[in-house]
Structures are given as C-alpha cells and as structure tokens.
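Lettering follows sequence order; numbering is per chain, from 1.
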Amino acid sequence: MTMRANPSAILPPTFFDRQAEIVARDLPGRRLVRWLAGKRVALTITETEAYLGPHDLACHAARGRTERTEVLYGPPGTLYIYLVYGLHWMLNVVSGPAGYPAAVLIRGAGELSGPGKLARGLVIDGALNGRCAAPQSGLWFERGGGAQSVIATRRVSVDYAGPRWSARKLRFVLRK
DNA sequence: GCAGTGATCATA
DNA sequence: ATGATCACTGCC
C-alpha cells in the first residue's frame, strides 16, 4: 500500500496566497507531483514565470475577464491551463487572494525544459483547468528543498506587453 | 530563420 | 462570420 503523498509535504492553498512574484521565486527547487497510471511522478521545478495581475500587460487578465481567464479569479492554488499556438498546453497556478487574477507559469521541471514539453511529458491538458492543486486532482506541489539560489531573468515571448513589462525580471530559474 | 496549429477574442 | 493573435516547439 503506497501513500500518494505525505500530507505534511503538500504545499497548501496558503502557499499560493501571496503575490505571484513571491510564489514564482519560491517554487524552483520544490516538487511538482503528478499521479499517472497508478504511479507517483515527482519532478524538481526548475523554472517559473510570474504574471502579476490586471496591470501586468503580459498577463491574460490585462485584457479583461473572459471565459478563458475566469479561473484566474479563483482561489489560490487553482490550476490555470490553456492551449497556446494550437499545440501546447501551459500549466499555471493561480496566486494571490481569490478574486485577484494572477498566476505562476511552470516552465520546467526535472529534465523537462519548456512549458509545452512539461505539459506533454506529464500528460497535462485542459481537463485539469480550474481544478485545485491537490492529490484528488492528480497534480499537486510538495515542499522539497526550495530556498536554493534562483536567478531572475526576463520572461520569454512577452514582447507584446511592451518594453516596460517585457523588461521586468519575472522569470526564475533554479541555479544548478 | 520560420511553419505548424487551433482556441480565443475583437470586430462586424 | 471572419481575421489576428498567440506565456511554444522542432526543423530548416
């Protein structure tokens, strides 16, 4: 009989109830856990990006509350998963208080480098959109080491947001 | 360098 | 209904 997760290791909604920038900086080094075909797959998060809210022109919420962005307004720890370029699913976690539309994009974990490859590798798609990051959804986060050194850089592919927002160092990469 | 791919959203 | 855009990837 295997435990799906050590309950005390699971990052609870309160972990995500902080500014997206703080959460994004805190996640590298922690574990992304996926329950797949009766097996636990746990990968160390290597790369994240913060999308700060309606004022952040790179954030989907900057273009208003729509059917797609609705889950961004949900409680912290909600999964926001959407398709981009018709091909790639993006895994995000809603951060900050309920009603405030901000999120953290998980860009890499384990050997999976790049958000599209991460989702594909862990069999993540729109079926998880709007679910809570918890064992019952089959995808959650655990403490792990954390607190290792993290490098902040500019976010990828957000030039459309203009120089002010594309210049912000809101991408966080685990230093090896 | 740039094509593929289709949901989403604004415009009408 | 139509067209532009896109938080990417893989191949040239």
* Is any side-chain N of the basic residue among A:Arg107 and A:Glu47 closer than 4.0 Å to the acidic one's carboxylate O? -> yes
* If you check the A:Tyr51 side chain, which of B:dC9, C:dG10, C:dA7 turns out closest? -> C:dA7
* A:Ser8 and A:Arg143: which non-hydrogen atoms are nearest, and at how many Å? -> O-NE, 3.7 Å
* Check: C:dA7 base within 3.5 Å donor-acceptor of A:Tyr82 side chain -> yes
* To do: To the nearest Å, give me how far apart CG (A:Leu83) and C1' (B:dG4) are.
  => 12 Å
* To do: Measure the distance from NZ on A:Lys117 to C1' on C:dC11 and round it to the nearest whole Å.
  => 13 Å
* Watson-Crick or G-U wobble partner for B:dT5, using a 3.5 Å limit on both distances? -> none
* Asked: Between A:Leu91 (CG) and C:dT9 (P), how many Å, whole number?
  -> 13 Å
* Would you say A:Arg18 has more than 12 foreign heavy atoms packed within less than 6.0 Å of its CZ? -> yes
* Atom CE of A:Met90 and atom P of C:dC8: how far apart are they, to the nearest Å? -> 6 Å
* Does A:Tyr160 place a side-chain N or O at less than 4.0 Å from the phosphate oxygens OP1/OP2 of C:dA7? -> yes
* Touch check for A:Arg107, heavy atoms < 4.0 angstrom, all strands: base, sugar-phosphate only, or nothing? -> sugar-phosphate
* Asked: Atom CZ of A:Arg63 to atom C1' of B:dA7: distance rounded to whole Å?
  -> 14 Å
* Asked: If you round to the nearest 0.5 Å, how far is CH2 of A:Trp89 from CD1 of A:Ile81?
  -> 8.0 Å
* Asked: What is the distance, rounded to the nearest whole Å, between atom CG of A:Leu57 and atom P of C:dA7?
  -> 13 Å
* Are the side chains of A:Val33 and A:Arg40 in touch, meaning some heavy atoms are under 4.5 Å apart? -> yes
* To do: May I have the distance from A:Arg68 (atom CZ) to C:dT5 (atom P), rounded to whole angstrom?
  => 15 Å
* Contact under 4.0 Å: A:Ser157 side-chain N or O vs C:dA7 OP1/OP2 -> no
* To do: Find the distance A:Arg65:CZ to B:dA10:C1' and express it as a whole number of Å.
  => 20 Å
* Output the single nucleotide from C:dT9, B:dC9, C:dA7 whose closest atom is nearest the side chain of A:His88. => C:dT9
